[in-house]
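Worksheet: the structure to be examined is printed underneath.
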Amino acid sequence: MQKGDHLFLVDGSAYIFRAYHALPPLTRKSDGLPIGAVSGFCNMLWKLVEESRETSVGVAPTHFAVIFDHSSTTFRNALYDQYKANRQAPPEDLVPQFAVIREAVRAFDLPCVEKQGFEADDLIATYTRLAVEAGGDVTIVSSDKDLMQLVGPGVILYDQMKDKRLGPQEVFEKFGVYPEKMIDLQALVGDSSDNVPGVPGIGPKTAADLLGAYGTLENLLENAGEIKQAKRRESILAHAEQARLSKRLVTLDQHTPLEVGLDDLFIHEPDGEKLVAFLKAMEFTSLTRRVTAKLGTDASAVEAAQVDVTAPARGPDLDPGGTPGGEKTGSHLAMTPAAHAAERLQAEAATPVDRSTYETVRDEARLEHWIARARETGVVAFDVETTSLDAMRADLVGLSLAVAPGEAAYVPIAHVGEGGGDLLSDEAAREGVGAQIPLGTVLDLLKPLLEDPAILKVAQNAKYDYLVMRRHGVETAPLDDTMLISYVLDASSSLEGHGMDELSERFLGHKPISFKELCGSGRTLKPIAAVAIERVSEYAAEDADVTLRLWRVLKPRLAAEGLAHVYERLERPLVPVLARMEERGIRTDRQILSRLSGRFAQKAAGLEADIHILAGEPFNVGSPKQLGEILFGKLGLPGGKKTKTGQWATDARLLEDLAAEGHDLPRRIVDWRQLTKLKGTYTDALPTYMDAEDRIHTSYSMASTTTGRLSSSEPNLQNIPVRTEEGRAIRTAFVAPAGHKLLSADYSQIELRLLAHMAEIPQLTEAFRQGIDIHAMTASEMFGVPVEGMPSDVRRRAKAINFGIVYGISAFGLAAQLSIPREEAGAYIKRYFERFPGIRDYMDRVKLFCRRTGHVETLFGRRAHYPDIGSSNPQVRAAVERAAINAPIQGSAADIIRRAMVRMEEALAAERLSARMLLQVHDELVFEVPDDEVEATIPVVRRVMERAADPVVELAVPLVVDARAAANWDEAH
DNA sequence: TACAGATCTTA
DNA sequence: GTAAGATCTGTAC
């Protein structure tokens with residue numbers, strides 16, 4: 001929160017009573033649930049959100065919260081036991097609506113705040129103070145006079161019913177005192193509805209007069225003897241202490257401990273589908289119509305949500321809270337998400353993991369028992385044990401299940417004797433390990449459970465388990481992934497990763513058996529199938545148990561921290577999409593790679609011989625250490641620099657500079673390195689990944705970058721060469737099979753476009769709208785050179801600066817990139833910021849936000865945490881700041897292509913196209929398309945990609961996608 | 001055998 | 001100047 005921000009605080013409890021009384025009583029839904037107040041509440045909230053957005057109410061909110069009362073007992077009861085003692089119980093038909101209204105607020109994707117032991121007014125007072133201190137403005141949506149004491153500079157009260165705004169002047173007109181005197185006035189007048197006594201015989205008018213004359217309550221009480229009117233004087237003298245007590249009762253607590261921070265109230269677009277699902281469930285047809293019209297959600301495509309207030313469960317895929325048959329968790333519906341999450345963490349951390357209770361399932365009856373238990377709880381954590389870390393090559397060895405914390409089992413399937421079984425027949429190998437249910441039977445029994453839409457399956461790194469099960473004919477769904485939940489919550493460069501062992505130690509305080517402890521490593525590595533079943537059972541069941549416990553701790557945090565949208569829209573649905581891409585793989589031409597390897601080897605050998613002659617002795621060219629000795633020691637070449645570790649630096653840029661000075665040796669070393677790199681990393685290595693159909697299956701990691709990008713490994717298909725001609729030759733080996741083409745579609749300048757949008761730079765936005773060459777435009781702005789006939793070097797420099805901006809530019813880095821003095825680079829940057837001052841403002845805003853909150857956010861709300869942003873080491877801090885500046889840009893682009901990928905399969909299917917997505921390379925998607933569908937596919941792919949930000953973010957710049965199809969990746973790209 | 005550092009590939 | 005992963009070398013264990 002900062003200057004210019006605007007916080008809206010809705011007094012939810014007052015809202016409820018107004019909605020209830022404003023509507024005809026006994027409005028009921030078809031199933032009999034009374035929903036009059038819910039309806040009124042939703043209408044008012046929608047109207048408020050919509051109107052405030054259109055700024056007719058005043059300034060549009062940047063932060064928003066709905067605040068509720070949480071309990072009847074507060075610190076005021078300790079002061080005065082009669083406080084609110086004569087409050088009447090709420091009407092009977094209103095009671096069940098309270099929980100539904102909290103659901104409504106969540107459906108609107110608005111933060112819903114309440115705290116045990118505190119009144120809504122105190123929370124409102126605290127948020128108001130914090131917002132004002134941060135320099136922001138506040139609109140309190142309420143007409144309660146108790147809140148008038150908060151009105152002041154930047155703080156107003158808004159009465160939605162009357163459409164009236166109350167500032168200090170309006171308060172004075174109404175009560176005869178300015179807001180800062182409201183507390184004293186209330187102390188004198190009292191409040192019969194809250195049982196605040198006040199001073200008998202003193203009403204608002206008298207109180208205002210007295211305060212006008214005496215200034216403050218305390219001054220009045222001290223000098224009450226001077227009051228002329230006898231009755232008034234005696235009453236005040238007699239009730240002075242009562243007035244002081246009343247003052248304490250009506251004074252709002254501006255220092256309530258908060259569980260939801262001010263910055264967590266940052267507003268974002270409502271999730272149309274979630275909201276419509278709720279409204280449909282409530283049968284609010286006219287509001288549904290208005291909402292869909294506004295948000296562009298297709299109501300017919302959305303199913304009504306399950307909102308059931310009679311049972312604590314809300315359906316397993318929405319909430320890991322009350323599961324039917326699970327232990328009592330309290331009526332969490334009445335809790336804030338944050339309180340719920342905190343309670344969960346405490347509960348799980350307090351329950352130790354006990355491996356001795358796990359069961360090894362060796363017959364069908366017991367397996368059926370576990371399946372039945374899973375059906376009772378509605379949630380099951382599972383984990384597959386296999387022969388390989390590579391999901392595409394892995395065979396099932398066993399499988400574990402957990403249905404409740406501490407209630408877990410392992411189902412051995414393909415364990416063999418201690419010898420390993422390599423030389424034995426299956427049957428002989430399985431001797432002596434005890435009974436195991438045959439694989440086919442296990443699958444037959446588990447398939448209905450794993451595919452049951454009503455049973456939530458939880459896994460750690462679910463893509464792996466999903467893929468293994470899919471290869472065994474099981475389409476696991478719905479699926480939650482603890483690794484991805486952790487990633488969404490805590491993506492950070494300095495925090496460790498999201499592996500299960502790590503998460504378990506962090507959140508449960510428990511260290512699970514590691515794979516290494518179970519199977520050894522290196523020379524001692526033993527196939528898991530050959531490890532004693534009882535030991536594997538403990539290990540595997542523990543993994544499922546821990547996964548379930550982690551899920552119970554982490555899942556509620558998503559809602560509490562406003563990250564449910566990121567998880568539900570950008571992570572969860574991508575799991576099966578990526579799994580299928582990995583499963584398909586891409587066809588590769590072994591011959592092309594082999595020919596290239598030969599050519600590279602020959603050329604490298606020739607260069608190596610030359611190098612040895614020029615060096616005067618044979619040495620290992622691949623050793624930078626030996627090379628440095630030769631170049632800068634023996635031959636005494638100039639320009640020797642040291643690396644961090646004191647070795648001679650021999651990187652390509654340095655060698656290029658030497659070559660430019662006319663030295664033969666460095667040139668050849670650069671060439672040799674390129675060839676051996678291409679050979680070693682690509683042409684030699686790629687064939688080892690090919691399967692029987694000559695296809696290569698990469699593995700995507702969804703949780704290993706701080707920004708939200710994917711990464712690819714084994715092999716990495718996101719760094720296949722493209723810049724040099726020899727490198728590009730490798731791309732010709734990635735081919736489409738007979739009758740097909742490869743289609744490559746990539747976003748043009750997506751990061752710069754997003755920068756233009758996010759920083760709101762008019763020149764850049766306009767240039768993108770008109771389709772102007774952005775680097776030439778930048779050069780023209782900076783150097784005053786007309787775009788027509790611009791020298792290529794001028795454009796090149798501008799291009800480097802544009803890239804630099806996205807990377808959080810430094811003079812040092814730009815100087816290195818352009819091989820110019822640092823002073824010159826610094827001058828460029830200065831000039832750039834003069835021409836585009838909005839960029840500097842934007843960067844400052846991002847840094848400030850990060851400093852305040854410890855994180856930055858993408859357009860879609862994904863967070864990247866930078867705990868070291870406040871480092872006292874200027875170099876560290878500058879590096880973190882650059883990362884923090886880059887993350888929202890890189891991350892928003894990553895979010896956009898994720899959205900495109902999630903929507904792509906359905907869009908293609910809807911057009912009856914059989915194109916298959918194979919690869920993602922950050923801003924590019926590669927498809928395999930039948931020859932005769934290429935023409936029809938291109939517009940569909942482009943449309944999905946170009947509209948991927950809709951409807952959550954309306955970009956000020958167009959997204960442009962270039963798409964081309966060809967027989968191989970090089971020609972398509 | 002395991003790990004860190006240097007180097008090079010991509011967006 | 002951002003974000004990744006793979007390979008090779010050299011050294012520590």
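Given the structure is predicted, the values throughout are model-derived calculations rather than measurements. Order of the sequence lines fixes the chain letters, A, B, ..., with proteins taken first and strands second; residue numbering starts at 1 for each chain.
Residue A/Tyr682 is in sugar-phosphate contact alone, with no base atom involved, counting any heavy-atom pair closer than 4.0 Å across all strands shown. Nucleic acid contact for A/Gly622: sugar-phosphate only, since backbone atoms but no base atoms lie under 4.0 Å from a heavy atom of the residue. Nucleic acid contact class of A/Asn620 (heavy atoms, under 4.0 Å, all strands): sugar-phosphate only. Here A/Ala800 lies in heavy-atom contact (under 4.0 Å) with a base. Within the nucleic acid shown, A/Arg673 comes within 4.0 Å of sugar-phosphate atoms alone, with no base atom in reach, counting heavy atoms only. Using a 4.0 Å heavy-atom cutoff across all strands shown, A/Thr650 reaches sugar-phosphate atoms only and no base atom. Base engagement by A/Asn719 is indicated by at least one non-hydrogen atom pair under 4.0 Å involving a base atom. In this structure, A/Gln626 reaches the sugar-phosphate backbone alone: every heavy-atom distance under 4.0 Å involves primed, P, OP1 or OP2 atoms, never a base. Counting non-hydrogen atoms under 4.0 angstrom, A/Ala816 reaches nothing in the nucleic acid. Backbone-only engagement by A/Gln674 is indicated by non-hydrogen atom pairs under 4.0 Å involving sugar-phosphate atoms exclusively. Nucleic acid contact class of A/Ala685 (heavy atoms, under 4.0 Å, all strands): sugar-phosphate only. Nucleic acid contact class of A/Ser713 (heavy atoms, under 4.0 Å, all strands): sugar-phosphate only. Using a 4.0 Å heavy-atom criterion, one finds that A/Ile720 contacts the sugar-phosphate atoms exclusively. Residue A/Glu751 is out of contact with every strand shown, counting any heavy-atom pair closer than 4.0 Å.
For A/Thr858 and A/Asp895, the side-chain atoms include at least one donor-acceptor pair closer than 3.5 Å. Judged purely by distance below 3.5 Å, without hydrogens or angles, the side chains of A/Ser711 and A/Gln718 never pair a donor atom with an acceptor atom. Side-chain atoms of A/His865 and A/Ser492 include no donor-acceptor pair closer than 3.5 Å.
The separation between A/Ile730 atom CD1 and B/dT9 atom P is 10 Å, rounded to whole Å. When rounded to the nearest whole Å, the span between CG of A/Leu919 and C1' of B/dA11 equals 14 Å. The distance between atom CD of A/Glu924 and atom P of B/dT10, rounded to the nearest whole Å, is 13 Å. Computed from coordinates, the A/Phe734 CZ to B/dT9 C1' distance equals 13 Å when rounded to whole Å. Atom NZ of A/Lys642 and atom P of B/dA6 are 12 Å apart (whole Å). Going from atom CG of A/Leu710 over to atom C1' of B/dA11 covers 12 Å, rounded to whole Å. If you measure from atom CG of A/Leu655 to atom C1' of B/dA6, you get 12 Å, rounded to the nearest angstrom. Summarising the geometry, the separation between CD on A/Glu656 and P on B/dT7 is reported as 14 Å, rounded to the nearest angstrom.
In this structure, A/Tyr832 has its ring center at least 6.0 angstrom away from the ring center of A/Tyr828. Two rings, from A/His757 and A/Phe768, have their centers 6.0 Å or more apart. Taking the ring centroids of A/Tyr866 and A/His855, they lie at or beyond the 6.0 Å cut-off.
Paired with A/Arg695 under the rule salt bridge (charged side-chain N to carboxylate O under 4.0 Å, His left out), one option of A/Glu928, A/Glu582, A/Glu583 passes, and it is A/Glu928. Applying side-chain contact (heavy atoms from CB on, under 4.5 Å) to A/Tyr747 and the options A/Ile896, A/Val960, A/Asp962 leaves one that passes, A/Ile896.
Picking from B/dT1, B/dT10, B/dG5 the nucleotide with the shortest atom distance to the side chain of A/Arg523 gives B/dT1. The nucleotide whose nearest atom lies closest to any side-chain atom of A/Pro624 is, among B/dT10, B/dA2, B/dA6, B/dA6.
Within a 6.0 Å radius of CZ in A/Arg599, other residues, nucleotides and ligands contribute 12 heavy atoms or fewer. No more than 12 heavy atoms of other residues, nucleotides or ligands shown are found within 6.0 angstrom of NZ on A/Lys830.
Near DNA chain C, defined here as any heavy-atom distance below 4.0 Å, there are no residues from residues 839-861 of chain A. The stretch residues 881-895 of chain A comes close to DNA chain C through A/Arg882, A/Ala883, A/Asn886, A/Gln890, each having a heavy atom under 4.0 Å from the strand.
Smallest separation of non-hydrogen atoms from A/Leu570 and A/Arg862: CB-NH2, 3.7 Å. In this structure, A/Phe833 and A/Ile809 approach most closely via the heavy-atom pair CZ-CG2, 4.4 Å.
For B/dT10, the OP1/OP2 oxygens have a side-chain nitrogen or oxygen of A/Arg723 closer than 4.0 Å.
Running 5' to 3' along DNA chain C, contacts with non-hydrogen atoms of chain A at under 4.0 Å begin and end at C/dG1 to C/dT11.
Counting only heavy atoms from C-beta outward, the side chains of A/Arg882 and A/Ser810 approach each other to under 4.5 Å. Looking at heavy atoms from C-beta onward, A/His663 lies out of side-chain contact with A/Leu631 at the 4.5 angstrom threshold.
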